[in-house]
Amino acid sequence: MNASLERICIVGAGRMGEGIALAFMYAGLPVTLIDIKQRDEEARDHYFQQVEAHLRDELATLARLGSLDPAQVGHVMSHLRLSDRERSGDDLQGAAVVFEAVPEVLERKAETFAWLSAACGSETVIASTTSTFLVTELAALVTHPERFVNAHWLNPAFLMPLVEVSRSETTCPKVVQRLMALLKRIGKVPVQCSPAAGYIVPRIQALAMNEAARMVEEGVASAEDIDTAIRVGFGLRFSVLGMLEFIDWGGGDILFYASHYLAKAIDPRFLPPRVIAENMAQGRNGLREGQGFYDYQDVDLQAYKLQRLGEFTRKLELMGLSPVFNGAVTTS
């Protein structure tokens, strides 16, 4: 995408729409946030005042946390234009990307996409922020489906770096490249995934959250202790090493045997996927064999480990969890 300030349109002025708008406003791009609900003039003006107040509150919070100079709040807000459906035609025609963030009701989305197909230029990228419907389902609702993708933002959309981008077979690769470049430009970290229910994070997250709730149900531990274990164990570790990277560190064979133990002791749901056994059979157990989910044969393992451990110790310092030298020694 060129260096000019492309207008971004967001259709749906709820909490997700507000968060996405704020991400682009904060990065200095002009944003039109479009409320498509039919309202009379008084109700519309009142709703727009509420939206603006929400956004100012978010920026004020950042200022209190020291992430933003209070004097910059007005500058960020100057990038926002609030509009209703009837007055958004020119902005939609000139938009580089339009993000759809209407409620997760297929009929609402179908009606919205029919309108956007007529209102937007044929080159405008249209991206749904849905977490419910596959890109293959929604692409059929858009004219020129080659310009359509799903872009799943995690809440809070303004702060969370990750955006999961999912394309269909009809999506033009250049459209994906344009969207990924735009997201990177505002400091996001986009990843690509196939049209699959749950994307990446929600699919893993659902399993982990259900297992945590199940442990409370079974009396394994208290909610407080489980959450502490997640924050200072599970979550802390995986904020440095990705899950597949962590398998390689420990060894796929370790996961294989541990999974079979848990499947026997608790439930077959813990059985490992076929790829773990296949990697074992092929001698791809991870770091110690030079191959796993990643190829380490040309990697300086000492430097790689030092880098990851350095990232980990900085996380510990940030959270106030670093080991204290002689910390157990008391003085009288």
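Side-chain atoms are counted along with the backbone in the values below, which use heavy atoms only and exclude waters and symmetry mates. Sequential numbering from 1 along the given sequence is applied to the chain's residues.
When all heavy atoms of Leu316 and Pro323 are compared, the closest pair comes out as CD1-CD, 4.5 Å. Among all heavy-atom pairs drawn from Ala277 and Phe256, the shortest one is CB-CE1, 4.0 Å. Val51 approaches Ala13 most closely through the heavy-atom pair CG2-O, 4.0 Å. Across all non-hydrogen atoms, the minimal contact from Pro202 to Tyr199 is CD-CB, 4.0 Å. The two residues Pro103 and Arg108 make their nearest non-hydrogen contact at CD-NH2, 3.7 Å.
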Donor-acceptor contacts, no H, no angles, side chain residues 17-31, under 3.5 Å, sequence neighbours left out:
from, atom 1, to, atom 2, distance (Å)
Glu18, OE1, Arg15, NH1, 2.9
Glu18, OE2, His54, ND1, 3.1
Tyr26, OH, Ser67, O, 3.1

Can you give each donor-acceptor pair under 3.5 Å made by side-chain atoms of residues 215-235, sequence neighbours left out, with the distance rounded to 0.1 Å?
from, atom 1, to, atom 2, distance (Å)
Ser222, OG, Asp225, N, 3.0
Thr228, OG1, Glu224, O, 2.9

Without placing hydrogens or testing angles, list every side-chain donor-acceptor pair under 3.5 Å for residues 187-195, not counting sequence neighbours.
from, atom 1, to, atom 2, distance (Å)
Lys188, NZ, Ala157, O, 2.8
Lys188, NZ, Phe158, O, 2.8
Lys188, NZ, Met160, O, 2.9

Please list every donor-acceptor pair under 3.5 Å in which a side-chain atom of residues 304-314 meets a protein atom from a residue at least two apart or in another chain.
from, atom 1, to, atom 2, distance (Å)
Tyr304, OH, Glu245, OE2, 2.5
Tyr304, OH, Trp249, NE1, 2.9
Gln307, NE2, Glu311, OE2, 3.4
Arg308, NE, Glu245, OE2, 2.8
Arg308, NH1, Glu311, OE2, 3.4
Arg308, NH2, Glu245, OE2, 3.2
Thr313, OG1, Leu309, O, 3.3
Thr313, OG1, Gly310, O, 2.9
Arg314, NH1, Gly310, O, 3.4

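Atom CD of Glu104 has more than 12 heavy atoms from other residues, nucleotides or ligands within 6.0 Å. Applying the 6.0 Å contact sphere to NE2 of His46 captures no more than 12 heavy atoms from other residues, nucleotides or ligands.
Judged purely by atom type and a 3.5 angstrom limit, Asp295 has no side-chain atom pairing as donor or acceptor with the backbone of Gln291. Using a distance-only test at 3.5 Å, with no hydrogens or angles considered, no donor-acceptor pair links the side chain of Thr136 to the main chain of Ser168. The main-chain N or O of Glu100 is found under 3.5 Å from a side-chain atom of Thr129 such that the two form a donor-acceptor pair. Remark: the backbone N or O of Val149 is not paired with any side-chain donor or acceptor of Thr171 at under 3.5 angstrom. No donor-acceptor distance shorter than 3.5 angstrom exists from the side chain of Tyr47 to the backbone of Arg39, with no hydrogens or angles considered. Between the side chain of Arg284 and the backbone N or O of Gly292, at least one donor-acceptor pair lies under 3.5 Å.
When side chains are defined from C-beta on, Leu159 counts as touching Leu62, because their heavy atoms get closer than 4.5 Å. Residues Asn150 and Leu134 have side chains not in contact (no heavy-atom distance under 4.5 Å, counting atoms from C-beta outward). Counting heavy atoms from C-beta outward, Phe246 and Val240 have side chains that stay 4.5 Å or more apart. Looking only at side-chain heavy atoms (C-beta outward), Leu179 and Val175 stay at 4.5 Å or farther from each other. Side chains of Ile276 and Phe293 form a contact here, defined as non-hydrogen atoms less than 4.5 Å apart. Taking the side chain as every heavy atom from C-beta outward, Glu6 and Val97 never approach each other to under 4.5 Å.
The line from CD1 of Ile200 to NE2 of His152 is 11.0 Å long, rounded to the nearest 0.5 Å. Put simply, CD1 on Ile247 and OH on Tyr294 are 10.0 Å apart, with the number rounded to the nearest 0.5 Å. Taken from NE2 in His144 to SG in Cys172, the straight-line distance is 13.0 Å, to the nearest 0.5 Å. The CZ atom of Arg147 sits 5.5 Å away from atom OG of Ser117, with the distance rounded to the nearest 0.5 Å. Annotation: the span from Met319 atom CE to Ser239 atom OG amounts to 8.0 Å, rounded to 0.5 Å. Separating the CE atom in Met280 from the CG atom in Asp253 is a distance of 5.5 Å, to the nearest 0.5 Å.
In terms of the side chain to side chain contact (heavy atoms under 4.5 Å, CB included) criterion, residue partners of Glu289 (sequence neighbours excluded) are, by chain and number, Asn285. Judged as a side chain to side chain contact (heavy atoms under 4.5 Å, CB included), and not counting sequence neighbours, the contacts of Asp300 are Gln302, Ala303. Scored by the salt bridge (charged side-chain N to carboxylate O under 4.0 Å, His left out) test, Asp84 finds Arg44, Arg87 as partners (sequence neighbours excluded). Arg237 is linked by a salt bridge (charged side-chain N to carboxylate O under 4.0 Å, His left out) to nothing, counting only residues two or more places apart in sequence or in another chain.
For residues 161-176, no residue pair satisfies the salt bridge (Lys or Arg N to Asp or Glu O under 4.0 Å) rule, not counting sequence neighbours. The stretch residues 194-211 participates, sequence neighbours left out, in these salt bridge (Lys or Arg N to Asp or Glu O under 4.0 Å) pairs: Glu211-Arg214, Glu211-Arg269.
Cluster membership check: Ile186 shares its hydrophobic cluster with Val73, using side-chain heavy-atom separations under 4.5 Å among Ile, Leu, Val, Met, Phe, Trp and Tyr.
Through side-chain heavy atoms spaced under 4.5 Å, either directly or across other Ile, Leu, Val, Met, Phe, Trp or Tyr residues, Leu141 is tied to Val11, Ile34, Ile36, Leu92, Val98, Val102, Leu106, Phe113, Trp115, Leu116, Ile126, Phe133, Val135, Leu138, Val142, Phe148. Cluster partners of Leu262 are Tyr261, Ile266, Phe270, counting Ile, Leu, Val, Met, Phe, Trp and Tyr whose side-chain heavy atoms approach within less than 4.5 Å, directly or via other members.
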